[in-house]
Amino acid sequence: MNYWLVKSEPTAYSWDELLKDGSTSWTGVRNYAARNHMRAMKKGDHVFFYHSNEGKEIVGLTKVAKEFYSDPTAPGEDWSVVELAPVKTFKKTITLTQIKEDKRLKGMWLVKQGRLSVMPVTADEYERILELSK
DNA sequence: GCCAACGTTGGC
DNA sequence: GCCAACGTTGGC
């Protein structure tokens, strides 16, 4: 299994909305690096959900419910979406500050390349985040 | 194919 | 609201 992280501004689409919806297709990604990461996702892969701008914290864990297909919001263009479904809401959210201060997490793409909206997470980072979320 | 200009994202 | 980082666009 591979691990990932997606970002969303809670004013655009929040964790609570995802819980309410049961699943969502991750539309609107218009960045090649992010798109390619989505295309590499396999069904069942675990994906952290991060709130950017407001909150700046990882709020929960999702999984890939459906592998990539053409983004319906960009007909005729070469963009992709995946479908994500919630797995669990974190008891403790993990803030960006915590991530930057944590020895095992400070190397994350989230810190190094702030603007990327879909990114891979290593197995070690994955375990550490789950540990901190309890 | 290089690189300057510009737009967007996101942390502070 | 500002600004740094970085991706994209377009002129040459």
Side-chain angles (χ1 to χ4, degrees):
Chain A
M1 157 148 28
N2 287 305
Y3 310 105
W4 311 90
L5 181 146
V6 295
K7 276 192 207 172
S8 180
E9 292 187 38
T11 51
Y13 192 81
S14 70
W15 179 252
D16 285 344
E17 285 174 76
L18 178 60
L19 286 178
K20 204 178 61 188
D21 292 346
S23 75
T24 191
S25 57
W26 208 250
T27 55
V29 171
R30 297 294 180 268
N31 170 286
Y32 290 107
R35 183 198 69 180
N36 293 341
H37 288 142
M38 286 201 295
R39 290 184 175 182
M41 289 182 189
K42 296 289 179 205
K43 189 173 179 179
D45 277 1
H46 279 182
V47 184
F48 291 115
F49 195 101
Y50 175 83
H51 275 169
S52 63
N53 279 317
E54 284 173 43
K56 281 166 287 175
E57 58 192 3
I58 302 174
V59 290
L61 181 66
T62 71
K63 65 178 178 188
V64 178
K66 199 171 171 188
E67 288 178 21
F68 81 91
Y69 54 97
S70 184
D71 187 340
T73 67
E77 291 176 51
D78 195 20
W79 298 109
S80 298
V81 299
V82 291
E83 215 160 290
L84 298 178
V87 172
K88 77 169 148 188
T89 305
F90 287 168
K91 277 209 190 76
K92 294 186 195 162
T93 58
I94 293 124
T95 64
L96 185 62
T97 313
Q98 262 180 289
I99 290 167
K100 284 179 172 171
E101 284 169 356
D102 192 280
K103 211 179 294 172
R104 285 166 70 188
L105 298 180
K106 66 182 179 193
M108 287 183 72
W109 285 54
L110 188 63
V111 180
K112 289 187 297 181
Q113 206 181 327
R115 291 187 50 196
L116 192 61
S117 60
V118 181
M119 66 191 80
V121 171
T122 68
D124 185 58
E125 289 159 358
Y126 172 80
E127 281 163 24
R128 180 63 178 152
I129 289 166
L130 285 187
E131 213 175 285
L132 291 172
S133 73
K134 286 173 188 163

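In what follows, every heavy atom counts, from backbone to side chain, and hydrogens, waters and symmetry copies are set aside. A, B, ... follow the sequence lines: proteins, then strands. Residue 1 opens every chain.
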Legend entry - Ring center gap for W15(A) and F90(A) short of 6.0 angstrom: no

Legend entry - Whole-Å distance separating the CH2 atom of W79(A) from the P atom of dT8(C): 7 Å

Legend entry - Heavy-atom side-chain contact between M108(A) and L5(A) under 4.5 Å: yes

Inset, instruction - For residues Y32(A) and W79(A), establish whether the separation of their ring centroids is below 6.0 Å. - result: yes

Inset, instruction - Say whether T73(A) and R30(A), considering side chains only, have a donor N or O and an acceptor N or O under 3.5 Å apart. - result: yes

Legend entry - Electrostatic pair E131(A)-R128(A), nearest N-O below 4.0 angstrom: yes

Legend entry - Close approaches to DNA chain B from residues 95-120 of chain A, in residue order (heavy atom, under 4.0 Å): L96(A), K100(A), G114(A), R115(A)

Inset, instruction - Return the value, rounded to whole Å, for the distance between atom CD of E9(A) and atom C1' of dG11(B). - result: 12 Å

Legend entry - Distance in angstrom units between N31(A) CG and dA5(C) C1', rounded: 13 Å

Inset, instruction - Nearest whole angstrom, please: distance from the P of dG7(C) to the OH of Y32(A). - result: 13 Å

Inset, instruction - Please state whether the phosphate of dG10(B), meaning OP1 or OP2, lies under 4.0 angstrom from any side-chain nitrogen or oxygen of K7(A). - result: yes

Legend entry - Centroid-centroid distance, Y3(A) to F48(A), less than 6.0 Å: no

